[in-house]
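Quantities reported herein were computed from a predicted structural model and do not represent experimental measurements.
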Amino acid sequence: MVQKTYTKKQGFKNAYQLTETEESKIDSLQYSRITSTDTCKWFRRLGGSETATREYTCNGYTVTKLISTSPDKQIKKVREFNFVWLG
C-alpha cells in the first residue's frame with residue numbers, strides 16, 4: 001500500500017500539495033478493514049468524504065484506490081493498493 005498525504009495550499013480553494021509519502025505492506029485482514037463499506041460509511045458520518053475506486057486485479061474486482069478527505073477539507077489521504085500474485 002502506498003499512502004500519500006496532501007495538505008491544502010494557502011490561498012487556493014481546491015488545490016492540495018503533497019507533504020508525505022509512505023509505503024507499507026499489509027495483509028488481507030488489514031486490507032478488508034480499510035476498504036470495507038462499513039468503514040467508509042462511518043467516516044462519512046463523521047463529516048469526511050471517502051471515495052473508493054475499484055478495478056479488476058488478480059484478486060478480482062477490488063478496491064485499488066481510496067481517497068479520504070478530512071471533515072474540515074484541510075487534509076486528503078490517498079491510499080493505493082498494489083496486489084502481488086503469489087500463485
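With hydrogens and angles ignored, the 3.5 Å screen pairs no side-chain donor or acceptor of Thr5 with any backbone N or O of Thr19.
Contact detail for Pro71 and Gly48: the closest heavy-atom pair is CG-N, 3.8 Å.
Using a 4.5 Å cut-off on side-chain heavy atoms (C-beta onward), Thr57 and Phe81 make no contact.
Tyr31 and Val2 are not part of a single hydrophobic cluster, where members link through side-chain heavy atoms under 4.5 Å apart. Residues Tyr16 and Leu18 share a hydrophobic cluster, clusters being chains of Ile/Leu/Val/Met/Phe/Trp/Tyr side chains in contact below 4.5 Å.
The ring pair (Phe, Tyr, Trp, His ring centres under 6.0 Å) analysis of residues 34-53, with sequence neighbours excluded, yields no pairs. The list of ring pair (Phe, Tyr, Trp, His ring centres under 6.0 Å) pairs with a residue in residues 57-79, not counting sequence neighbours, reads Tyr56-Tyr61.
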Between side-chain atoms of residues 20-29 and protein atoms elsewhere (two or more places apart, or another chain), which donor-acceptor pairs fall under 3.5 Å?
unit_1	atom_1	unit_2	atom_2	d
Asp27	OD1	Gln30	N	3.1

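When each of Lys76, Lys8, Lys77, Glu50 is paired with Thr69, the side chain to side chain contact (heavy atoms under 4.5 Å, CB included) condition holds for Lys76 and for no other. Screening Ile75, Leu46, Thr7 for a side chain to side chain contact (heavy atoms under 4.5 Å, CB included) involving Ser70 leaves a single residue, Ile75.
Taking CZ of Arg44 as the reference point, atom OG1 of Thr39 lies at 10.5 Å (rounded to 0.5 Å). To the nearest 0.5 Å, atom CG of residue Asn82 and atom CE of residue Met1 are 11.0 Å apart. Note that CD of Glu80 and CG of Leu66 are 11.0 Å apart. Values are rounded to the nearest 0.5 Å.
The number of heavy atoms from other shown groups lying within 6.0 Å of NZ (Lys73) is above 12.
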